[in-house]
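Only heavy atoms go into these numbers, but all of them, side chains included; no hydrogens, no water, no symmetry mates.
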Amino acid sequence: YMKIYKFNKILFLLLTSCFLLSCGYEPILNKENQKFTITKFILEGNKRLGGLLKNNLITTKKEENSLTLTIKSNKKTNIVDKSQTGKILKYGVTVNFDITSVSNIDNKIIFSKVYSRQQNYGASDVYLDTLNSEKEVVKNMIESVANEIQIELNLIYQEK
């Protein structure tokens with residue numbers, strides 16, 4: 001049964017990649033389609049979290065639509081589930097990003113929005129594994145927020 005499952009999984013991945021490569025698929029979030037550039041980042045709150053978000057944003061060097069992005073970030077981890085004996089089974093992590101984008105040309109606020117993500121992850125018997133699980137969950141949430149910010153900015157500048 002396991003061999004069939006692995007075979008189906010590999011077959012699915014091959015067919016999907018063949019389909020995507022042959023259909024002329026082009027990602028929206030690439031440097032060529034971007035109509036703005038972020039020239040300055042101001043990080044407040046959890047600077048490590050803000051730095052990770054900054055690193056996930058695609059930046060290009062264009063003269064037009066130059067922006068300063070202020071990122072206020074915080075993270076909260078809490079216990080979601082315990083066993084009857086008091087052993088922690090699940091943690092929950094919440095990340096919040098308060099993003100403000102200001103035009104460098106006329107100092108007008110282009111957009112301001114709060115992004116919040118929450119996700120649970122299992123606790124492991126080995127503490128390092130639990131920390132790695134949290135890192136992976138936070139990384140995925142940051143990538144999601146970065147994509148959303150870029151889509152919003154692209155939409156704003158497509159309309160202009």
Side-chain angles (χ1 to χ4, degrees), residues 9 12-13 16-17 19-21 23-81 88-160:
K9 190 174 178 182
F12 174 75
L13 288 173
T16 303
S17 62
F19 174 73
L20 288 177
L21 290 174
C23 74
Y25 168 79
E26 189 177 316
I28 294 173
L29 296 176
N30 62 15
K31 290 183 178 185
E32 290 78 37
N33 293 335
Q34 191 166 302
K35 304 216 185 298
F36 64 91
T37 184
I38 303 169
T39 56
K40 185 177 178 187
F41 290 91
I42 300 170
L43 305 179
E44 298 176 8
N46 186 327
K47 289 190 178 16
R48 183 182 171 281
L49 210 56
L52 290 170
L53 179 63
K54 171 188 164 190
N55 293 341
N56 274 282
L57 292 168
I58 298 171
T59 55
T60 59
K61 300 293 180 206
K62 293 185 179 188
E63 298 299 317
E64 59 186 351
N65 304 324
S66 175
L67 303 172
T68 296
L69 204 68
T70 302
I71 303 171
K72 296 176 188 171
S73 52
N74 66 52
K75 178 178 87 167
K76 183 180 176 192
T77 305
N78 59 338
I79 298 168
V80 174
D81 191 20
I88 298 170
L89 302 174
K90 275 188 183 178
Y91 287 98
V93 64
T94 304
V95 293
N96 296 302
F97 295 100
D98 186 349
I99 307 294
T100 305
S101 174
V102 176
S103 171
N104 291 342
I105 298 163
D106 55 10
N107 282 335
K108 287 187 178 176
I109 294 177
I110 302 301
F111 91 99
S112 184
K113 187 171 179 182
V114 175
Y115 297 88
S116 186
R117 300 285 189 275
Q118 194 278 328
Q119 194 169 341
N120 297 336
Y121 59 95
S124 175
D125 291 336
V126 180
Y127 183 65
L128 185 61
D129 291 343
T130 304
L131 288 178
N132 287 336
S133 293
E134 179 182 347
K135 263 188 202 172
E136 188 64 30
V137 164
V138 168
K139 179 181 151 237
N140 291 338
M141 289 190 286
I142 289 172
E143 287 172 359
S144 166
V145 169
N147 286 338
E148 212 173 307
I149 290 169
Q150 289 193 228
I151 288 169
E152 294 235 10
L153 287 171
N154 274 327
L155 286 173
I156 288 169
Y157 283 108
Q158 298 248 322
E159 294 168 1
K160 289 186 177 186

Checking the side chain of [X] only, and the main-chain atoms of [Y] only, is there a donor and an acceptor separated by less than 3.5 Å?
X: T39; Y: L67; result: yes
X: S144; Y: N140; result: no
X: S101; Y: L69; result: no

Heavy-atom closest pair, residues [X] and [Y]:
X: S73; Y: G50; answer: OG-N, 3.4 Å
X: Q118; Y: M141; answer: N-SD, 3.9 Å
X: Q150; Y: F36; answer: O-CE2, 4.2 Å
X: N104; Y: S66; answer: ND2-OG, 2.7 Å

Side chains of [X] and [Y] in contact at under 4.5 Å (non-hydrogen atoms):
X: L57; Y: F41; result: yes
X: T70; Y: E44; result: yes
X: Y121; Y: K135; result: no
X: I149; Y: L53; result: yes
X: T37; Y: N65; result: no

TODO: Starting from the C-alpha separation in whole Å, work towards a yes-or-no answer on side-chain contact (heavy atoms from CB on, under 4.5 Å) for F111 and I99.
DONE: CA-CA 8 Å; F111 91 99; I99 307 294; 4.2 Å; yes
Task: K47: salt bridge (charged side-chain N to carboxylate O under 4.0 Å, His left out) partners, not counting sequence neighbours - done: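 Salt bridge (charged side-chain N to carboxylate O under 4.0 Å, His left out) check on K47 returns nothing, list empty.
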Open item on the list: Restricting to salt bridge (charged side-chain N to carboxylate O under 4.0 Å, His left out), what partner residues turn up for D125, sequence neighbours left out?
Closed with: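 So D125 forms a salt bridge (charged side-chain N to carboxylate O under 4.0 Å, His left out) with K87.
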Just distance, no hydrogens or angles: give the donor-acceptor pairs under 3.5 Å from side chains in residues 89-97, sequence neighbours left out.
from : atom 1 : to   : atom 2 : distance (Å)
N96  : OD1    : S116 : OG     : 2.6
N96  : ND2    : N74  : OD1    : 3.1

- [ ] Identify whether the distance between the nearest side-chain nitrogen and carboxylate oxygen of K75 and E134 falls below 4.0 Å.
- [x] yes
Open item on the list: Quick test of your reading of the model: are E143 and R117 salt-bridged, counting only N-O distances below 4.0 Å?
Closed with: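 No salt bridge links E143 with R117.
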Open item on the list: Could you measure the distance from the OG1 atom of T130 to the CD1 atom of I88? Nearest 0.5 Å is fine.
Closed with: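 The CD1 atom of I88 is 9.0 Å from OG1 of T130, to the nearest 0.5 Å.
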Task: Distance, nearest 0.5 Å, that separates NZ of K54 from CD1 of I38 - done: 10.5 Å
- [ ] Apply the side chain to side chain contact (heavy atoms under 4.5 Å, CB included) test between I142 and each candidate in V137, L49, N55; give the one that qualifies.
- [x]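 Answer after filtering V137, L49, N55: L49.
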